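Okay, so here's the structure we're looking at.
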2 protein chains.
Amino acid sequence: MKVDVALTLALVPDDLSARDVAVVIDVVRATTTLVAALDAGALGVRPVGDLGEARALAAEHGVLLAGERQGHPPPGFHLGNSPREMTSDVVGGRELVLTTTNGTQAVVRCRGAGTILAGALVNAEATARAALAAEPERVLLVCAGSRGEVAADDVAAAGCLVGNLALLAGAEPGDGARIAAALFDAWRHDLLGLLRRSRSGQHVIEEGLEPDLAVCARVDALPLAVGLDGGGVLRKLGSS
Amino acid sequence: MKVDVALTLALVPDDLSARDVAVVIDVVRATTTLVAALDAGALGVRPVGDLGEARALAAEHGVLLAGERQGHPPPGFHLGNSPREMTSDVVGGRELVLTTTNGTQAVVRCRGAGTILAGALVNAEATARAALAAEPERVLLVCAGSRGEVAADDVAAAGCLVGNLALLAGAEPGDGARIAAALFDAWRHDLLGLLRRSRSGQHVIEEGLEPDLAVCARVDALPLAVGLDGGGVLRKLGSS
């Protein structure tokens, strides 16, 4: 089995097939937030690109709207894009629509893969185990990045997953996987420091939401795997 | 001053300006080979994309033709793309044309920069010093990669340059620069091991040219800076 890392969406290979597992990673903050929502009892999270589509879905199906523009919930939204907002009293038993830009593009870009998972530092080991359970030929870790540029937070989480996959299955790493593993290893004892210094982290700090970064930096704090179902909704695996 | 790394050519920003220095990096093997040629007394190296253009230049100007397709010199070429071929008795006092694909594309992609240098592990510190001498607003380290994919050898050399720039000038690293620095730090005591494991290195080994990798892995072994002149020729800086 091979494991490789697409360091940005531009580097996702064109040859994704049903034998591949793709893991979409957007640590600060989309995938951390949606894992937190599912951990808190949300039934599903639908990633949606634009605000209009999100509002239409909410009007039609009575789902909770979550997302951000410049760090805050757009008008009419129930929730922002902060993992700290995803408490069971707010999201338990509900379906969410989460508007993201990078994260949604990443899901679309991975459409050819047989299985699509959502990974972050908070669920790294659970995600690695779920990826292996699919017995793929290749696990491709897809860093969503930020507006086309590489994001250190995503690459660090990819590196954490590479380590898990190497440990669990002796997966053979490509160049991108070695690069990501080196970043995670260099910062594993100060992931919060890396997130604070990253461009994504700097934006969150500027928006006054620095405590979110501590949540995003906690490895394996939310041990659940999340997969995309046939209807385009991200759900906790092992439930339905 | 900022320092950042474009991990592949697709990630080179569109806003390169005259205030930027771009360093093109293709460790295995184009930039190592051309630095070796200039160190051995070649007067200049012109990077050219295709074989026909290279042959036309050679016919017209009597230059030496160097390059490879599948690891060996194409018909009519005087030299391959191996740094071990670049000895003073062969290249001393001569102009070379070097056909590369990734390396040439990288030079074209960096056209907007005020200064374009060619960097590798063998001339990392000299390249960092030359970049700083231009007093740029930004140093962009451009990893040529391999057929659009990220190449660990190039990223490691970029990380080595990031370390030098941080030491010499306290340069402020972006996310790409932190990623590259972590890769170099992880492998700094076994760069040859990293090159052997990289996809580019694997190709060189398959072609029977493994000893080239030891040359490519030697940090600061050839302490000269190389810059592109106005005529599109790479020359040793400090000479003309």
Side-chain angles (χ1 to χ4, degrees), chain A residues 2 4-15 27-28 140-160 162-163 166 172-191 193-203, chain B residues 2 4-15 27-28 140-160 162-163 166 172-191 193-203:
Chain A
K2 288 187 176 181
D4 216 336
V5 174
L7 295 164
T8 73
L9 296 187
L11 301 176
V12 174
D14 290 325
D15 65 346
V27 172
V28 176
L140 182 71
L141 308 173
V142 176
C143 299
S146 173
R147 299 173 201 178
E149 295 188 47
V150 69
D153 51 305
D154 299 342
V155 176
C160 181
V162 168
E172 181 195 329
D175 285 22
R178 286 193 196 280
I179 291 165
L183 183 70
F184 178 73
D185 287 345
W187 289 90
R188 67 188 311 152
H189 299 298
D190 186 20
L191 288 163
L194 178 64
L195 265 47
R196 282 196 180 118
R197 287 168 176 83
S198 71
R199 198 177 45 236
S200 306
Q202 288 287 321
H203 287 158
Chain B
K2 289 186 175 181
D4 216 335
V5 174
L7 295 163
T8 73
L9 295 189
L11 301 177
V12 174
D14 290 325
D15 65 347
V27 171
V28 177
L140 181 71
L141 307 173
V142 177
C143 299
S146 173
R147 299 173 202 179
E149 295 188 47
V150 70
D153 51 304
D154 298 343
V155 177
C160 181
V162 168
E172 181 195 330
D175 285 23
R178 286 194 196 281
I179 292 164
L183 183 71
F184 178 73
D185 287 345
W187 290 89
R188 65 188 311 153
H189 298 299
D190 186 19
L191 288 163
L194 178 65
L195 265 46
R196 281 194 180 118
R197 287 167 176 83
S198 71
R199 197 176 47 237
S200 306
Q202 288 287 321
H203 286 157

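Keep in mind it's a predicted model, so treat the numbers as computed, not measured. The sequence lines fix the lettering, A, B, ..., with proteins before strands; numbering per chain opens at 1. Heavy atoms only: backbone and side chains are in, while hydrogens, waters and symmetry mates are out.
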Checklist line | Part of B:Ala152 within contact of chain A (heavy atom distance under 4.5 Å) | finding: both
Note to self: Under a 4.5 Å cutoff for heavy-atom pairs, which residue among B:Asp175, B:Ile179, B:Leu194, B:Val5 has the most contacts with chain A?
What the structure shows: B:Asp175
Check: Under the 3.5 angstrom rule, does the side chain of B:Asp4 hit a backbone N or O of B:Leu140 as a donor-acceptor pair?
Finding: no
Notebook entry, point to check: Measuring heavy-atom distances to chain B, does A:Val155 have an atom under 4.5 Å in its side chain, in its backbone, in both, or in neither?
Noted result: side chain
Item checked: Heavy-atom pair of closest approach, residues B:Ala156 and B:Leu191 -> CB-CD2, 4.4 Å
Next item on the list: Answer yes or no: is there an ion pair linking B:Arg188 with B:Asp185, defined by an N-O contact shorter than 4.0 Å?
Entry: yes
Check: Are the side chain of A:Asp153 and the backbone of A:Leu195 linked by a donor-acceptor contact shorter than 3.5 Å?
Finding: no
Margin query: Could you tell me if the side chain of B:Asp190 sits less than 4.5 Å from the side chain of B:Arg196, heavy atoms only?
Written below: no
Margin query: Quick check on A:Ala182 against chain B: is it the side chain, the backbone, both or neither that has a heavy atom closer than 4.5 Å?
Written below: both
Check: Relative to chain A, which segment of B:Ser198 carries a heavy atom at a distance below 4.5 Å: side chain, backbone, both, or neither?
Finding: both
